[in-house]
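Remember, it's a predicted structure, so these values are computed and weren't measured experimentally. Positions are given from 1, in the same order as the sequence printed here. We use all heavy atoms of the structure for the numbers below, so side chains are in, but hydrogens, waters and symmetry mates are not.
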Amino acid sequence: MQELATAVLHHLNIIVVVIDNGMYGTIRLHQEKAYPGRVIGTDLKNPDFAAMAKSFGCAAFTVHETKDFAPALEASLKNNLPSLIHVVIDPEAITPTTTLAAVRAGAQRA
């Protein structure tokens with residue numbers, strides 16, 4: 001986050017995109033593959049990244065649905081401030097092509 005303060009200080013027109021699934025996803029994926037249903041230490045309690053960015057003086061947006069990303073990006077491109085787009089995604093969607101439930105089910109069959 002301190003990099004955002006530096007970007008504001010130097011009037012840098014940058015865009016930061018934070019993809020937030022509320023977990024250490026790669027570690028969770030490996031735990032589900034090796035120990036389906038028995039995971040530990042992968043859940044996160046993340047802050048409101050958009051609110052934090054605004055506190056530094058950035059433009060900031062929170063996106064919960066795909067359709068809302070393009071307007072947030074367009075607004076970020078049009079302003080003369082550093083911008084942050086906080087994309088909150090479903091933790092179940094562990095990769096673009098599979099879910100945690102599918103990984104877990106595959107590991108249980110193996």
Side-chain angles (χ1 to χ4, degrees):
M1 295 309 295
Q2 66 274 15
E3 290 87 350
L4 291 177
T6 300
V8 170
L9 179 68
H10 294 285
H11 308 288
L12 303 176
N13 189 9
I14 64 168
I15 300 172
V16 176
V17 179
V18 177
I19 307 297
D20 177 8
N21 68 354
M23 72 169 90
Y24 291 117
T26 302
I27 296 168
R28 176 68 178 265
L29 177 67
H30 291 292
Q31 287 180 355
E32 290 287 6
K33 283 181 176 180
Y35 310 102
R38 296 182 297 151
V39 298
I40 188 168
T42 58
D43 292 330
L44 298 172
K45 176 62 179 147
N46 286 330
D48 181 337
F49 289 107
M52 289 179 65
K54 287 178 185 176
S55 75
F56 285 111
C58 296
F61 309 89
T62 300
V63 172
H64 290 277
E65 297 184 29
T66 302
K67 68 178 178 60
D68 298 327
F69 183 81
L73 180 60
E74 288 174 27
S76 296
L77 290 167
K78 289 180 182 175
N79 71 50
N80 291 319
L81 297 170
S83 297
L84 181 136
I85 304 172
H86 181 193
V87 180
V88 181
I89 63 171
D90 181 358
E92 182 63 22
I94 195 67
T95 74
T97 59
T98 194
T99 64
L100 281 176
V103 170
R104 189 177 310 112
Q108 289 171 336
R109 284 192 296 268

same_hphob_cluster(Val18, Val88) at 4.5 Å side-chain heavy-atom cutoff: no
Quick check: are there more than 12 heavy atoms from other residues, nucleotides or ligands sitting under 6.0 Å from CG of Leu77? yes
Could you tell me the separation between the OG1 atom of Thr26 and the CD atom of Gln31, rounded to the nearest 0.5 Å? 11.0 Å
Distance-only donor-acceptor pairs under 3.5 Å for side chains of residues 4-17, two or more places apart:
unit_1, atom_1, unit_2, atom_2, d
Thr6, OG1, Gln2, O, 3.3
Asn13, ND2, Asn79, O, 3.3

Rounded to the nearest 0.5 angstrom, the OG1-CD distance for Thr98 and Glu92 is 8.5 Å
Any donor-acceptor pair under 3.5 Å from Glu32 side chain to Gly37 backbone: yes
Among all residues two or more places apart in sequence or in another chain, which pass the ring pair (Phe, Tyr, Trp, His ring centres under 6.0 Å) test with Phe49? His86
Report yes or no: do Phe61 and Phe69 belong to one cluster of Ile/Leu/Val/Met/Phe/Trp/Tyr joined by side chain heavy-atom distances under 4.5 Å? yes
So, for Val63 and Ala72, which heavy atoms are closest and what is the spacing to 0.1 Å? CG2-CB, 3.9 Å
Hydrophobic cluster membership, with links at side-chain heavy-atom distances under 4.5 Å among I/L/V/M/F/W/Y: are Phe56 and Leu81 in one? no
Check whether any side-chain heavy atom of Met23 sits under 4.5 Å from a side-chain heavy atom of Ile94, and report yes or no. yes
Taking the side chain as C-beta and beyond, is there a heavy-atom pair between Asp43 and Arg28 under 4.5 Å? yes
Using 0.5 Å steps for rounding, measure from the CG atom of Asp48 to the NZ atom of Lys54. 8.0 Å
Might you point out which heavy atoms bring Ala60 and Ala53 nearest each other, and give the distance in Å? CB-CB, 3.9 Å
Heavy-atom nearest pair, His64 first then Thr62, reads NE2-CG2, 3.5 Å
Can Leu29 be reached from Leu44 by stepping across I, L, V, M, F, W or Y side chains whose heavy atoms are under 4.5 Å apart? no
